[in-house]
Amino acid sequence: MATTTPDIQGSRSAKSATRPGDRVFSGLSRGSGITLLVIMAAIAGFLTYRAVLAISDDSANFFTTFEWNPAGNPPVFGIAVLAFGTVVSSIVAMLIAVPVAIGIALFISHYAPRKLAKPLAYVVDLLAAVPSIIYGLWGAIFLVPYLDGLNKWLDQYFGWTYIFDKATDGPARNLFTVGILLAIMILPIITNVTREVFLQAPKMHEEAALALGATRWEVIRMSVLPFGRSGIISASMLGLGRALGETMAVAVVLSPSFLLSGHLLDPGGGTFAQNIAAKFNEADEFGRDALIASGLVLFAITLLVNGAARWIIGRRKEYSGAAA
């Protein structure tokens, strides 16, 4: 009996693997994955085709021009200012959001009592459900007026850094304000992912550190943070992808201009998504091709960011769910 039991179990597993339900589910899963790849390829192909029509125009310098006027004669457009504004506002958002998100995640997972941790986690999740247009209206009506004093203070005490030197007077509709608003918007994404990573830290490692006399902060520094390093990086990249592609909130808050300036407090600037939303309806056929060309650049940047995030997540089997 002992020698035949494995054979019986093996035949049962082979039969279960060939059941009609398993074959249907396997086919649906495979088809869903293929469909997703086809959709992504179709989007990339459409963007590339329409972008080539605009970039091939000899009078348009796509990469270095500091204006956006496809309707002109000859047409003039480029992505220099848009790329600068998109990257700078996203960097400001990351510098603000990542440390705050890590602190909130640590407080919820390791410091707050359970009665407080659950409601606080729910509030953070609720922030992710707020529409971006609501963030934009709040930023334009509330955040912009109240940041005027902060801008003056930064100009007075940190103007020597050139970055916070306010060379042009005007309301706080600048890349710095956009960065703060984007930081608030990506905060729930980074916090939620980081919190889940911290909760998966091995309890035996934490208990062993406590048994050796480590304080709570030493436990976090020696056990939790090293374990969650890849998760923190991945969460940050996911938040960066959201910041790069945000449209309506930036369009409501930012005063668009095509002046390339390193003074973050000066009014003006532009991002890819904001420029597409603002110019698409009034653009002619060539102008829309030019906007789609800028969208192709944003599409490529976003794919690279999310691809890097998935690569980092995949390196950590415990986090990716691939642990055997």
Side-chain angles (χ1 to χ4, degrees), residues 64 66-68 78-107 123-124 127 130 132-191 194 232 236 239-240 242-275 277-278 301:
T64 59
F66 298 102
E67 297 182 42
W68 189 273
I79 65 168
V81 176
L82 299 178
F84 177 80
T86 302
V87 173
V88 168
S89 60
S90 299
I91 291 176
V92 172
M94 295 296 293
L95 291 177
I96 298 173
V98 171
V100 176
I102 294 175
I104 296 174
L106 285 174
F107 179 76
V123 172
V124 174
L127 286 175
V130 177
S132 60
I133 187 62
I134 303 300
Y135 280 111
L137 293 175
W138 175 79
I141 297 174
F142 178 83
L143 192 61
V144 169
Y146 281 91
L147 282 180
D148 186 62
L150 176 61
N151 286 357
K152 293 180 180 178
W153 183 83
L154 290 173
D155 180 30
Q156 181 179 357
Y157 292 99
F158 296 95
W160 53 271
T161 61
Y162 181 81
I163 297 177
F164 296 114
D165 181 18
K166 190 173 183 180
T168 305
D169 292 331
R173 294 181 175 272
N174 47 46
L175 294 177
F176 182 69
T177 302
V178 171
I180 295 177
L181 184 62
L182 291 176
I184 299 173
M185 297 180 67
I186 67 177
L187 187 65
I189 300 174
I190 303 176
T191 301
T194 306
I232 294 173
S236 301
L240 178 60
R242 169 70 186 277
L244 289 171
E246 181 53 45
T247 303
M248 294 309 301
V250 178
V252 173
V253 172
L254 189 63
S255 296
S257 70
F258 294 100
L259 177 64
L260 186 62
S261 173
H263 303 292
L264 296 184
L265 304 182
D266 287 346
T271 65
F272 286 117
Q274 171 267 330
N275 186 64
I301 294 174

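Keep in mind that the numbers below use all heavy atoms, side chains included, and drop hydrogens, waters and symmetry copies.
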Closest heavy-atom pair, Ile96 versus Pro99, reported as atoms and distance to 0.1 Å, is O-CD, 3.7 Å
Side-chain donor/acceptor of Ser257 to backbone N/O of Gly269, under 3.5 Å: yes
Are the side chain of Arg173 and the backbone of Val253 linked by a donor-acceptor contact shorter than 3.5 Å? yes
So which atom in Ile189 and which in Gly239 form the shortest heavy-atom distance, rounded to 0.1 Å? CG2-N, 4.3 Å
Can you sort out the partners of Phe142 under ring pair (Phe, Tyr, Trp, His ring centres under 6.0 Å), two or more places apart, ordered by chain and number? Trp138, Tyr146
Nearest heavy-atom pair of Val92 and Gly179: which atoms, and what distance? CG1-CA, 3.8 Å
Are the side chains of Thr191 and Leu127 in contact, using a 4.5 Å heavy-atom criterion? no
Shortest non-hydrogen contact from Leu181 toward Gly139: CD1-CA, 4.4 Å
Going by the rule ring pair (Phe, Tyr, Trp, His ring centres under 6.0 Å), which residues pair with Tyr162 if we only count those two or more places apart in sequence or in a different chain? His263
Is there a side-chain contact between Asn275 and Phe258 (heavy atoms, below 4.5 Å)? yes
Among all residues two or more places apart in sequence or in another chain, which pass the side chain to side chain donor-acceptor pair (under 3.5 Å) test with Thr177? Asn174
Please check if the side chain of Ser89 supplies one atom and the backbone of Thr86 the other of a donor-acceptor pair under 3.5 Å. yes
Please report the shortest heavy-atom distance between Ala249 and Ser132, naming the atom on each side. CB-O, 3.6 Å
Taking Asn151 for the side chain and Ala172 for the main chain, is one N or O donor matched with an acceptor at less than 3.5 Å? no
Taking the side chain as every heavy atom from C-beta outward, state whether Thr271 and Leu82 have any pair of such atoms under 4.5 Å apart. no
According to ring pair (Phe, Tyr, Trp, His ring centres under 6.0 Å), who are the partners of Phe158, at least two apart in sequence or on a separate chain? Trp153
Which salt bridge (Lys or Arg N to Asp or Glu O under 4.0 Å) pairs, counting each pair once, include a residue from residues 245-273, with sequence neighbours left out? Arg242-Glu246
Locate the shortest heavy-atom distance separating Ala140 from Val144; write the atom from each residue and the value. O-CB, 3.8 Å
Name all residues meeting the side chain to side chain donor-acceptor pair (under 3.5 Å) criterion together with Thr64; count only those two or more places apart in sequence or in a different chain, and write none if there are none. Asn61
